Amino acid sequence: MVCHRIDRDYNKASGRLALVEGGLTEAVYGPAGNAELARVLENTHEYRVVTDPKEPGRKIHKEIKQFTNISQPVFCGTCHDVTLFNGFRLEEAYSEYRLSPAAARGETCQDCHMGKVQGVVSGYETGPAAVVGGVPSAPRKLTNHFFAGPDYSVIHPGIFPHNAEAQQMATLAEWLQFDVAAGWGTDKFEDNVPEGHEFPERWRSIDDRYDAREILNTQFERLEWARQQRLEVLRNGYVMGKIVTKRADRSGIEFQVQVKNGTDGHNVPTGFSGERLVWLDVTVTDREGTVVFRSGDRDPNGDLRDGHSAYVHAGEIELDPYLFSLQSIFVTQNGRGGEIEHVIPIPYPVTALPRVLPSAVSLVFTGEPPTERNHKMGIEPNGQRWAPYEIAGDALTGKGPYRADIKLISQPAPVNLLVAMQSVGFDYGITPRQAGDALVAGAQVLWQREVVFDVK
Ligand code: HEC
Ligand code: HEC
């Protein structure tokens, strides 16, 4: 509704747009115009719809106003290029795209993100835009509105994705009490419920728990579909290239892993690159399975062993000197003109979700950083990067051959971001720990490869 209630070309506006207000039956804006809707509205005996809000029936918008800008890259650029109030260039997906080979060829964001295959120009589906009570409207170019990217849901599957049946069955608060992980509504759990087990009021009846589980199974299917869409776009963006062994003998092992940008539409990651995590997880073991090298593993919080790990800071675990990560770094200027890394440098009010406030006071007095920037670590269009690894001879066990398991993993944000903003709290009553665990659990392995080093 946000995209289809806009009537002006805002150009780059950092998402600050005025929507055309109105109820369900008011006009919407789209690329194709009104012709097909007019035909439908002339045939209301066939298409059972009404456009008068007071009339009973299936209500739809009464007009489609043509808004061709919606098919242009600059439309996406109204939001996907973000300059904060203090001038900080937070996101630059659109700016990166404008300089890209894909843009030079005339390919659009829509071509890559709304077509048949997520992340590549692949043509569009054709079909009816609507099926009204079983009657389809005329076939047309169809665009995929899923917008797959690195993000995934970390909330209860009973409340997301939206499911009409789930909403009828229980309230939001009741769904949050339904213990999915314990196995409620499965034979395995229900056949073994301990005597006198206490359930919340809404879930006392075993029949209800089975019904709820059935709805959840539909939800899991949908979430799995979404996961596949994400995997598709991400694998088209991040490619594990060559793995080259430079040296492998008793004096040590040296090898390199190539990571390539698979798209020439923009950097990877793009946009919210200061928080996007894409990294190499590397484990080298000897023939008995003893680990002789590790990089890209997590601390007990779920963070990588980088400069933002609380455990690394506390000196409890070591910094990962070989970590290959494409996460960009927010840096702010400190008082003496130098720069320092920040997890999230934006000031936010304690009463609401994080948002940037324009400073009413001179920064000289508040001590707020006068400059902030995103030190980009992403890979440019068609670019590539090598991750070098070295295992010293004395780390080897003499029990070769050695085997390296190499994974390229994507996670939308690090756990330390949740830590940085936890004081404002999270929706749906989830704790920072639960959010962090869900974040880690959803991390996706994009590519996995194995190499063997034949050292005796
Ligand atoms: C040539 C194909 C192509 C074009 C053109 C393209 N993209 Fe992408 N886009 C991709 C691929 C592949 C990915 C997955 C890699 C990634 O997440 O960075 C992606 C990822 C993204 C992401 C998720 C990035 C993240 O990490 O959060 C956003 C947002 C995005 N694109 C927006 C845009 C916008 C806006 C435009 C136009 C200004 C655009 N894209 C143009 C292929 C394309
Ligand atoms: C009204 C603002 C707005 C417009 C217009 C808009 N987006 Fe987005 N888009 C967002 C927000 C907000 C997110 C979620 C946060 C993020 O990833 O930056 C998002 C997420 C995405 C993602 C998924 C990244 C993820 O979070 O997993 C893709 C891909 C994407 N948009 C592509 C597009 C394309 C292509 C267009 C133009 C057809 C477009 N967007 C237009 C606001 C917008």
Side-chain angles (χ1 to χ4, degrees), residues 1-6 8-20 29-31 67-82 90-122 124 143-154 226-227 229-239 259-278 326-328 353 355 374 376-383 408 410-413 442 444 446-447:
M1 286 322 295
V2 169
C3 289
H4 290 276
R5 279 277 167 86
I6 291 177
R8 263 169 290 167
D9 175 3
Y10 283 91
N11 211 324
K12 294 198 277 186
S14 301
R16 298 174 199 120
L17 318 170
L19 305 186
V20 181
Y29 298 76
F67 179 56
T68 52
N69 188 55
I70 203 167
S71 310
Q72 299 299 317
V74 70
F75 180 76
C76 315
T78 52
C79 294
H80 284 283
D81 223 69
V82 184
L90 180 68
E91 297 193 21
E92 302 195 307
Y94 180 62
S95 298
E96 287 170 3
Y97 159 81
R98 292 260 287 161
L99 297 173
S100 74
R105 290 192 304 270
E107 293 166 8
T108 65
C109 320
Q110 289 84 342
D111 290 340
C112 280
H113 285 285
M114 302 182 78
K116 287 183 188 163
V117 180
Q118 296 286 310
V120 289
V121 178
S122 52
Y124 294 89
T143 43
N144 182 338
H145 281 63
F146 185 69
F147 298 106
D151 282 320
Y152 42 80
S153 172
V154 297
R227 198 180 69 83
Q229 297 272 302
R230 281 199 303 279
L231 217 47
E232 189 168 277
V233 71
L234 293 173
R235 289 175 66 135
N236 282 325
Y238 303 97
V239 178
V259 177
K260 300 191 283 190
N261 183 342
T263 179
D264 61 2
H266 46 61
N267 290 13
V268 293
T270 189
F272 197 38
S273 59
E275 298 300 346
R276 299 309 193 198
L277 274 185
V278 176
L326 297 177
Q327 185 189 359
S328 297
L353 284 176
R355 66 193 160 90
N374 183 356
K376 284 194 191 178
M377 304 286 275
I379 309 177
E380 70 282 6
N382 288 331
L408 186 66
S410 159
Q411 186 177 301
Q444 286 177 289
L446 306 181
W447 304 100

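Order of appearance sets the numbers: ligands from 1, and atoms from 1 within every ligand. Remember, it's a predicted structure, so these values are computed and weren't measured experimentally. Quick note: residue numbers are just sequence positions, from 1.
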Does any N or O atom in Asp264 lie less than 3.5 angstrom from one in ligand 1, N or O only? no
Which ligand 2 atoms are under 4.0 Å away from a heavy-atom of Cys109? 35 (C)
Thr263 and ligand 1 - part of the residue with a heavy-atom distance under 4.0 Å: side chain
Looking only at protein heavy atoms, identify the closest one to atom 1 (C) of ligand 2 and say how far it is in Å. Cys79 SG, 2.7 Å
Does the residue Thr108 have a heavy-atom contact with ligand 1, meaning some pair of atoms that are separated by less than 4.0 Å? yes
Where ligand 2 meets Val2 - atom numbers and elements under 4.0 angstrom, heavy-atom basis: 1 (C)
Tell me yes or no: between the side chains of Ser273 and Asn374, is some donor less than 3.5 Å from an acceptor? yes
Please compare Thr270, Val233, Asp81, Leu234 and report which has the shortest non-hydrogen distance to atom 13 (C) of ligand 1. Val233
Ligand 2 versus Phe272, non-hydrogen atoms closer than 4.0 Å: side chain, backbone, both, neither? neither
Any N, O or S atom of His80 closer than 2.8 Å to atom 8 (Fe) of ligand 2: yes
Of all the atoms in ligand 2, which lie at a distance below 4.0 Å from a heavy atom belonging to Ala148? 29 (C)
Please report whether atom 41 (C) of ligand 2 has a protein non-hydrogen atom at a separation of less than 4.0 Å. yes
What I want to know is whether Asp151 and ligand 2 share at least one N or O pair that is separated by under 3.5 angstrom. yes
Can you pull out the closest protein heavy atom to atom 38 (C) of ligand 2? Residue, atom name and distance to 0.1 Å, please. Cys76 SG, 2.8 Å
Show the numbers, then the answer: is there a side chain to side chain contact (heavy atoms under 4.5 Å, CB included) between Phe147 and Met114? CA-CA 7 Å; Phe147 298 106; Met114 302 182 78; 3.7 Å; yes
The atoms of ligand 2 lying under 4.0 Å from a heavy atom of Gln110, numbered in the order shown, are 38 (C)
Looking only at distance, does Phe75 have an N or O less than 3.5 Å from an N or O of ligand 2? no
Which option wins on minimum heavy-atom distance to atom 23 (C) of ligand 1: Gly237, Gly271, Pro150? Pro150
Is the backbone N or O of Leu446 less than 3.5 Å from a side-chain atom of Gln444, with the two atoms forming a donor-acceptor pair by type? no
Hydrogens and angles aside, do Ser71 and Gln110 bring a side-chain donor and acceptor to less than 3.5 Å of each other? no
For atom 16 (C) of ligand 2, the protein heavy atom that lies nearest, with its residue and separation: Arg276 NH2, 4.0 Å
When rounded to the nearest 0.5 angstrom, what distance separates CG in Asp81 from OH in Tyr97? 12.5 Å
Which atoms of ligand 2 sit under 4.0 Å from any heavy atom of Thr78? 5 (C)
Among non-hydrogen protein atoms, atom 32 (C) of ligand 2 lies closest to Phe147 CD2, 3.7 Å
Please verify whether a non-hydrogen atom of Gly119 lies at under 4.0 Å from ligand 1. yes
Among the N, O or S atoms of His266, which one sits nearest to atom 8 (Fe) of ligand 1? NE2
Apply side-chain hydrogen bond (donor to acceptor under 3.5 Å, both in side chains) to residues Thr108 and Asp111 and explain how you reach the verdict. CA-CA 5 Å; Thr108 65; Asp111 290 340; 3.3 Å; yes
Would you mind finding which of Glu91, Arg105, His113, Glu275 brings a heavy atom closest to atom 8 (Fe) of ligand 1? His113
